[in-house]
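For reference, the structure discussed in these notes is given below.
All residue numbers in this chain count up from 1 along the given sequence.
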Amino acid sequence: MGGTEARDGKGAAASAGGAGDADGPGGPPAPGGTADHTKVPAALTTPRGRRPVVAALMLGMALAAIDGTIVSTAVPQIVGDLGGFTVFSWLFSGYLLAVTVTLPVYGKLSDTFGRKPVLIAGIILFLVGSLLCAAAWNMAALIAFRVIQGLGGGALQGTVQTIAADLYPLKERPRIQAKLSTVWATSAVAGPVVGGLLAGYADWRWIFLINLPVGAVALWLVVRHLHEPARPRPKTRPRIDWAGALAVFATGTLLLTALVQGGVAWPWLSAPSLGLFAASAALAALTVAIERRAAEPIIPGWVWRRRTIASVNLALGAMGLLMVAPTVFLPTYAQSVLGLGPIAAGFVLSVMTLSWPVSAALSDRVYNRIGFRLTAIIGMSAALLILLAFPLLPYPGEPWQPALIMLLLGAALGLFQLPLIVGVQSTVGWAERGTTTASVLFCRQVGQSIGAAVFGAVANSVLAARLLDAPAPGLPDDLDAVARALEDPGALSAAATDHLRRAVDAAVDYVYIGAAGAAALALLALVVLAPRRFPVISEAVISEAAITETGGSPDAR
C-alpha cells in the first residue's frame, strides 16, 4: 500500500514486474537490485539442528489447527455451563477475527525483528489465552479470552509457515510443507474425537488446558534449538508502523464482523450491516493513506505491485472462498440428506484431509518439471470439474459418493496450494518472506470469511424458494433450523421430511456451483495475472550470503 519497494536479491526486484525466469530449483536469477536483502541465510545450517525445530513447528501448528474442531464438539457443554446460547458463535468468530487481522502485523514484525521472538510471543499469548479460557466464568469472558488466543494464533500460523520456508531450500521445501499438511489432516480427524471425550468424560475446560503441555514443549524446543544467525545491524533503528497496524486491525475487525454477523445477527440490508461496511470502506481508505506515508508499512505496496505475489494472493483468496462449501455445508448435507450421524458425517469430510497432504508431498515432482503456475492451474482445473460433479450426485445417494468427491478434491487442492506457497516464498529473500507469507494467509482467511457470508446467503435463499410450496405449513426456512428439524423426523410427516431433505440437497448443490465459480476466479487470477514462470531467487545467492555473514559453510542438504 505504500513505502519504498524493497529490492530483494538477484530476483526479487524482477518479480515486481512479473518477468519470466525459470521457476524451480537452479533457475537463473532475474536481473536487478543488489543482494542486501538475501544476506540472511536459512534459520538453521545443519540437518541435525532442524529436527527439534521441525518438531516445534509441528506442535505449534497443531495448537492452531486443532483449536476450532476441538472447541466445536464441546459447545453444548459450554453453553449448558455458562449460558449465552445467542452469542456462542463468537467463540469461533472472535478467534477468527483475531487470527486474520493480526497476520499482516506479525509478518512484518518477523521480517523486522526475526522469526524467533515473534513465534515465542505467539506461543506464550496462545497459552495465556488457553489458561484464561479454562478459567472463564461466563460466556462474555470466554469470548474475550478466545480473542486473546486468536492473537497468539495469528503469530503461530504465519510464523510457522515462514520458518518452514527458511529451514529448507526450494528442492526440499515440500518435505516440511507435507509434514505441516499432515498436522492439519490429523487435527481435523483427532479434534472432534478428543473434544468429545474431554467434554463427555471430564470437563469442557480441559479442551483448553490440554494446550498447555503441548505448547510448553513447543516453546522449550523453540527457545533451546531455534538459532537465527546474526543479521547485519541496520543503519537506522527499525521503526514500527503502529498507526498502520492499528488501522489494519480496525479495518479487518469491522469488515469481518460485517461478513460473519450479516444475515445471522441482523439482515444484510439493515442499518448495522450497511454501517459496518461503510465504516470498513472508510477505514480501508485511511489505512491506504497511512501506509503510503509510512517508512516501514505493515502492508507494503510491493505485495500488490508484484504480479507473482498479487496473483497468488488472489488465487488463494478464491481457494478460501471455495473451501467453505465442503467444510461448512458438507456435514449438514451428510446428516440432513444422507441421514448419517455426526461421526459418519465427519468422516465424509475428513477423507479430503487424507488425500491433500499426499498430493502436496508429491507436487514437487510436477512443479519441478513444468513450473509452479502450470501445476497450480492443473490442480485448480481438476478442482473445478470435481466441484461441478457434486450437483450431479443422485438423490439421496450413498455416502461413498460424496466421500469420493472429497477424496479427489483434496488431491486437486493439494496440487494447487502447495506449489503456490512454495513458489511465492521462493521469489523473495529473508527480509520479505514473513510479510509475503502473511499476505497469502491473510487473503485465504478473508476468502473464507467472505465465502461463509456469501454461500450462507445462497443456501438460505434457495431453501426459502424451495419451501414456498411445502406440503405442511410452518416449516423452517433457514439451513440451521431445517437441520435441527430433521434431527427429529418423528415430528414431521414423511412428505414434509422428504421435502426438507430435497430442499437441503438443492441448497448445497447451489453452494457447490458457487464454489466452482470461486475455482474459476482462482484460475483467472493465475492465467491473467501470474507470470508464466515464477522469478525464483537462486539458492546460490543465499548460500554465498550465508558463508559471508556467518563464516560457516553452506547448509548440508
Below 4.5 Å, heavy atoms only, C-beta onward: do [X] and [Y] meet side chain to side chain?
X: P419; Y: V422; result: no
X: V428; Y: I309; result: yes
X: T308; Y: P535; result: yes
X: V508; Y: V337; result: no
X: L119; Y: L156; result: yes
X: L255; Y: F277; result: yes

Separation between [atom1] of [X] and [atom2] of [Y], rounded to the nearest 0.5 Å:
X: D509; Y: F329; atom1: CG; atom2: CZ; result: 12.5 Å
X: M380; Y: I386; atom1: CE; atom2: CD1; result: 10.5 Å
X: E432; Y: D111; atom1: CD; atom2: CG; result: 7.5 Å
X: L420; Y: F534; atom1: CG; atom2: CZ; result: 5.5 Å
X: R533; Y: I370; atom1: CZ; atom2: CD1; result: 9.0 Å
X: I163; Y: K116; atom1: CD1; atom2: NZ; result: 10.0 Å

- Task: Report the C-alpha separation of F372 and V312 in whole Å, then their side-chain angles, then the decisive distance to 0.1 Å, and conclude whether the side chain to side chain contact (heavy atoms under 4.5 Å, CB included) test is met.
- Result: CA-CA 11 Å; F372 297 116; V312 170; over 6 Å; no
So which atom in [X] and which in [Y] form the shortest heavy-atom distance, rounded to 0.1 Å?
X: L384; Y: A516; value: CD1-O, 3.1 Å
X: T102; Y: G154; value: OG1-CA, 3.7 Å
X: F455; Y: L322; value: CE1-CA, 4.5 Å
X: A164; Y: L180; value: CB-CD1, 4.0 Å
X: A155; Y: G122; value: CB-CA, 3.5 Å
X: A518; Y: A318; value: O-CB, 3.4 Å

- Is there a donor in the side chain of S130 and an acceptor in the side chain of Q149, or the other way round, less than 3.5 Å apart?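 A pair is found: one side chain offers a donor N or O, the other an acceptor, under 3.5 Å apart.
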- Would T251 and T287 count as having a side-chain donor-acceptor pair, cut-off 3.5 Å?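 Per modelled atom types, T251 and T287 side chains form a pair under 3.5 Å.
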Checking the side chain of [X] only, and the main-chain atoms of [Y] only, is there a donor and an acceptor separated by less than 3.5 Å?
X: R146; Y: G94; answer: no
X: S461; Y: A457; answer: no
X: T436; Y: R433; answer: no
X: Y367; Y: A376; answer: no
X: N460; Y: G456; answer: yes

- Query: Q157: what forms a side-chain hydrogen bond (donor to acceptor under 3.5 Å, both in side chains) with it, not counting sequence neighbours?
  - Reply: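 None.
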- Task: Run the numbers on T375 and L418 for side chain to side chain contact (heavy atoms under 4.5 Å, CB included), then give the verdict.
- Result: CA-CA 10 Å; T375 302; L418 182 64; over 6 Å; no
- T162, D166, T159 screened by side-chain hydrogen bond (donor to acceptor under 3.5 Å, both in side chains) with R115, the one that passes: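 Among the candidates, only D166 passes.
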Contacts under 3.5 angstrom, residues 391-415 side chains, donor-acceptor by atom type, not counting sequence neighbours:
residue : atom : partner : partner atom : Å
Y395    : OH   : D498    : OD1          : 3.1
Q401    : OE1  : E398    : N            : 3.0

- Task: Check step by step if side chain to side chain contact (heavy atoms under 4.5 Å, CB included) holds for L316 and C443.
- Result: CA-CA 7 Å; L316 286 176; C443 289; 5.6 Å; no
- Message: Taking side-chain contact (heavy atoms from CB on, under 4.5 Å) as the criterion, tell me which of L526, V528, V527 meets it with L524.
- Response: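 Of the listed options, the one satisfying the test is V528.
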- Task: Please identify each residue that fulfils ring-ring contact (aromatic ring centres under 6.0 Å, His included) with F390, with sequence neighbours left out.
- Result: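 By the ring-ring contact (aromatic ring centres under 6.0 Å, His included) rule, F390 matches Y333, Y512.
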- Message: Around atom OH of Y510, are there more than 12 heavy atoms from other residues, nucleotides or ligands closer than 6.0 Å?
- Response: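 Counting other residues, nucleotides and ligands, OH of Y510 stays at 12 neighbours or fewer.
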- Message: Determine whether L523 and F416 satisfy the following criterion, side chain to side chain contact (heavy atoms under 4.5 Å, CB included), listing intermediate values before the conclusion.
- Response: CA-CA 10 Å; L523 285 174; F416 167 79; over 6 Å; no
